[in-house]
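Note sheet for the following structure.
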Amino acid sequence: MDDNLKGDIQMKRTWKSISFLFVVMLLMALMAACSNSSGGSSKVSVGIVLPTKDEPRWVQDEQRFKDALSDSEYTTEILFSQGSSAKEKENVETLLNKGIEVLIITPHDGAAAASAVEAAKKEGVTVISYDRLITNTDAVDYYVTFDSVAVGAAQGQYLIDNAQGKDVPLYLYAGAASDNNAFLFFEGAWSVLQPKIADGTFKIANSVEAEKLKDKVELTRDEMSKILGQVTTNWDANDAKNKAQTHLTAAGADLKGDVAVLAPNDGTARSIADVFGSDGDITSYLVTGQDAEKASIQYVIDGKQSMTVFKDVRTLVKDAMGIAVEILDGKTPDTTGSYDNGNKEVKAKQTDVIVVDEENVKKELIDSEYYEASEFTGL
Ligand code: BGC
């Protein structure tokens with residue numbers, strides 16, 4: 001072979017290797033760019049796990065997170081656990097695989113969620129309990145919450161302020177015993193209702209356990225568990241409806257007429273209200289709620305639900321994301337108090353609540369731009 005030809009071949013080989021290297025570098029650059037963007041299997045900074053899509057309360061939280069995050073520089077992903085602790089654990093694992101540094105989580109079951117957040121903690125993730133406290137583990141760093149004892153106290157106080165006369169039949173209902181909040185709500189309600197049961201304003205209509213404890217000002221968790229065991233709705237509108245029907249079927253004439261009902265939240269309040277509203281022997285009923293769900297705002301306007309407790313989810317989202325961003329920026333978040341979760345004092349940020357009834361519904365929820373007037377009729 002002549003020397004010129006050899007040179008030509010060598011030159012071509014060198015060009016081929018250079019082009020090959022160039023293509024490899026280009027591919028690597030592309031892959032790096034992809035993993036920084038927000039799509040696909042890319043890295044997520046903040047993982048958010050909410051308990052269920054089946055209750056408007058949590059769909060509302062999802063929407064408020066999305067609104068707050070629209071111009072955030074950090075990537076986030078929201079997953080729902082659909083009322084299952086197993087699904088919740090899977091969601092946390094999915095988010096850990098995406099490299100989250102902060103986990104914001106509302107547990108389906110406060111005790112069962114411990115193992116999911118312990119897995120997160122092992123990976124160095126900061127855990128924020130959102131609205132519901134995760135109990136009996138030290139793997140929770142922060143807790144953002146409403147003043148849940150005040151929610152229950154406001155419900156109880158509403159019944160006291162609006163009931164007329166003596167011996168008013170009082171029907172008690174509570175949230176799910178797997179949710180620490182159910183105890184806080186009940187504790188708050190009991191703190192104001194108990195003296196009014198003791199002085200004969202109310203008589204307990206549907207719980208033998210509550211009746212047994214009616215002279216105790218402060219109840220232990222075990223004592224509350226006994227009452228909850230009888231009057232829990234499990235945070236389920238159908239359970240609430242069935243319980244209310246059973247109670248009214250069993251109730252004699254002395255437990256009908258003008259009655260008061262402690263319902264723990266809006267979803268259960270509406271179904272309990274429907275049952276009480278359709279009983280011919282119930283002359284009038286007062287019924288509480290919480291969450292300011294749109295359907296319940298319509299019930300309040302229509303006079304079918306007496307009140308709701310408005311918990312401004314925008315504030316909770318702002319507090320949770322505020323803590324998350326401080327962590328991502330390497331700072332120490334400010335807190336305003338702490339909650340004992342059975343294993344540690346968890347640093348907490350707490351938000352106040354607002355009582356809403358027919359009188360102030362427009363001012364608190366429409367004029368404040370939380371909802372639009374067009375979403376309701378008869379305002
Ligand atoms: C929340 C309420 C909600 C309930 C049922 C509680 O932990 O604080 O706002 O209505 O769970 O989902």
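Each ligand, and each atom within it, is numbered from 1 in the order the structure gives. All values reported here derive from a predicted model rather than from experimental measurement.
- Atom 4 (C) of ligand 1 has Trp235 CE2, 3.5 Å as its closest protein atom, hydrogens excluded (heavy atom only).
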Legend entry - Trace of the salt bridge (Lys or Arg N to Asp or Glu O under 4.0 Å) decision for Lys121 with Asp141: CA-CA 9 Å; Lys121 208 71 229 152; Asp141 299 288; 2.7 Å; yes
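- A salt bridge does not link Lys122 with Glu118: every distance from a Lys NZ or Arg NE/NH1/NH2 to an Asp or Glu carboxylate oxygen is 4.0 Å or more.
- Using 4.0 Å as the threshold, Phe146 has no heavy atom nearer than that to any atom of ligand 1.
- When only non-hydrogen protein atoms are considered, atom 1 (C) of ligand 1 lies nearest to Asp131 OD1, 3.4 Å.
- When hydrogens are left out, the protein atom nearest atom 9 (O) of ligand 1 is Asp291 OD1, 2.6 Å; that is the closest non-hydrogen contact.
- Near Phe185, the atoms of ligand 1 lying under 4.0 angstrom from a non-hydrogen atom of the residue are 8 (O).
- Among all non-hydrogen protein atoms, the one lying nearest atom 11 (O) of ligand 1 is Arg132 NH2, 2.9 Å.
- The existence of a salt bridge linking Lys226 and Glu223 is excluded, since no basic side-chain nitrogen approaches an acidic carboxylate oxygen closer than 4.0 Å.
- Here the options are Asp147, Asp352, Thr145, Val151, the test is side-chain contact (heavy atoms from CB on, under 4.5 Å), and the partner is Lys311; only Val151 passes.
- Interface atoms of ligand 1 facing Lys311, defined by a heavy-atom separation under 4.0 Å, are 1 (C), 2 (C), 8 (O), 9 (O).
- At the shortest separation from atom 6 (C) of ligand 1 among protein heavy atoms lies Asp179 OD2, 3.3 Å.
- Counting only residues at least two apart or in different chains, ring pair (Phe, Tyr, Trp, His ring centres under 6.0 Å) contacts with residues 267-301 comprise Tyr171-Phe276.
- In this view, Asp109 satisfies the salt bridge (charged side-chain N to carboxylate O under 4.0 Å, His left out) rule with no residue, not counting sequence neighbours.
- Regarding atom 12 (O) of ligand 1, its nearest protein heavy-atom neighbour is Glu55 OE1, 2.5 Å.
- Ion pairing between a basic and an acidic side chain is recognised when a charged N comes within 4.0 Å of a carboxylate O; Lys344 and Asp138 show no such pairing.
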